[in-house]
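To start, the structure under review is shown below, and the notes come after it.
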Amino acid sequence: MNLQKKLKISTPGRICLFGEHQDYLNLPVIAAAISKRVTVSGVKSEGQKISVKLPDINMHEEIFLSNLIPYTKERDYLRSSINVMIRNGFTFSSGFDCLITGDIPINTGTASSSALVVGWINFLARISDQQKSLTEHEIAKLAHEAEVLEFSEPGGMMDHYSTALGGIIYLSTFPTISIEKLNCNPGYFILGNSQEPKNTTEILARVKNGVLKIIEKLKSKYPDFDIQSFSPESLNKYENDINEEEFKLLYGNARNKLITQEAYTLMNNTNFEHEKFGLLLTEHQKMLRDYLKISTNKIDRMLNTALDAGALGGKINGSGGGGCMFAYAPFDTEKILNAVKKIAPESYIINIDKGTQLEINGEEY
């Protein structure tokens, strides 16, 4: 490869439209790539050093190539991605100089880290000695390996497939992984950053572990209990076996599963109903707020303000306890944005966007 050939990879963040806190139960989710992106650009250099500048977070990484690059911190995704690529047969006979920038809100539930890893994997494959063009599915799989499996982290594949494939995807993991791209473009959303720090560890400990313990308890008494076929209407059968808090957790997840199924049907309909789509988002938020208890007072105020200004629906985005929300705003978009900005200045108009993309010397491929 010519040392002067400049590669540039652009990768989107994502919002989870439907199915929040469902992936670890092997229940389907609907996620969408958004028009907030991270960009990895670079050229090959002499020697064995990889230089990565990340001005948005005031970092500069220097990585020296070897067969097994040691990690220097928790979740060392730049290095883990290189190790994963080497284990999968890629070679790097020289280093490269890189710049990583982006406008995806960080640590807010919009998959900024997954977008970075997906973009980095795509970049590494193309700047490697093999100069390989991976499929979007291959990129997502390798990114999941580098971000989640390499560090034994809890996490599904929604973020990696969303940011790699782009558009809107319906992801099902039971009985096997199945991904369907939905040919639907609902229009504009308002993404609002509450600037409240997320406490993902606490949320997952309470919600994820709580639900998994309930399922284990019920299966020990009712071997035929199955979360895949479980419905809110069947809860009465178990009301003497679980307490009120467990009841709410189980009901919220069961109802969210049905909401996701309703949304899937709606989004496959050629006659897309904007109002119904918005109502489903708002009902999903009600389950997350009142039953899973992952929303916050500020995010509730942001959503209510958006609805009062004309938004058709909305919900918290990500694991909860802070971070971002989004409101569905296909009409009166600027008006809704200005209303939300009075509470959360870091708010933006976003739309559904394409997946990870390559440019070589400024030309898109």
Residues K217, E246: salt bridge by 4.0 Å N-O rule
yes
Angle between ring planes, F277 versus F189, binned at 30° and 60°: parallel, tilted or perpendicular?
perpendicular
Under 4.0 Å between a Lys/Arg side-chain N and an Asp/Glu carboxylate O for R37 and D103?
no
So does E61 pair up with K73, basic N to acidic O under 4.0 Å?
yes
Looking just at side-chain N and O atoms, do Y222 and D241 make a donor-acceptor pair shorter than 3.5 Å?
yes
Atom OH in Y161, atom CD1 in I169: separation rounded to 0.5 Å?
9.0 Å
If you count the non-hydrogen atoms of other residues, nucleotides and ligands that lie under 6.0 Å from CG in N183, is the total more than 12?
no
Does a donor on one side chain and an acceptor on the other come within less than 3.5 Å for R126 and N122?
yes
State, with a plain yes or no, whether a side-chain heavy atom of S94 is found less than 4.5 Å away from one of L65.
no
With a 4.0 Å cut-off, would you call K276 and E262 a salt bridge?
no
For the residue pair E180 and Y264, confirm or rule out a side-chain donor-acceptor distance under 3.5 Å.
yes
Pairing of R87 and E150 as salt bridge, 4.0 angstrom limit
yes
Is atom CG of N269 surrounded by more than 12 heavy atoms (other residues, nucleotides or ligands) closer than 6.0 Å?
yes
Taking the six-membered ring of Y170, is the NZ or CZ of K181 close enough (under 6.0 Å from the centre) and on axis enough (within 45°)?
no
Hey, are R75 and E153 close enough for a salt bridge, meaning a charged N less than 4.0 Å from a carboxylate O?
yes
Can you find a pair of side-chain heavy atoms, one from E245 and one from K293, that are under 4.5 Å apart?
yes
Plane angle bin for F230 and F225 - parallel if under 30°, tilted between 30 and 60°, otherwise perpendicular
tilted
Check the side chains of H160 and E147 for a donor-acceptor pair under 3.5 angstrom, ignoring hydrogens and angles.
yes
Side-chain heavy atoms of L17 within contact of F326, under 4.5 Å
yes
Does the distance from a Lys or Arg side-chain N to an Asp or Glu carboxylate O, for K141 and E145, drop under 4.0 Å?
no
Measure the spacing between OG1 of T282 and CE of M287 and express it to the nearest 0.5 Å.
11.5 Å
E359 with K6: basic N within carboxylate O range, under 4.0 Å
no
Quick one about Y291 and N256 (side-chain donor to acceptor, distance below 3.5 Å, no hydrogens or angles considered), yes or no?
no
Please work out whether the ring planes of Y251 and F247 are parallel, tilted or perpendicular, with thresholds of 30° and 60°.
parallel
So, T72 versus D76: side-chain donor-acceptor pair below 3.5 Å or not?
yes
Could D23 and K208 be called an ion pair, given the rule that one side-chain N must be under 4.0 Å from one carboxylate O?
no
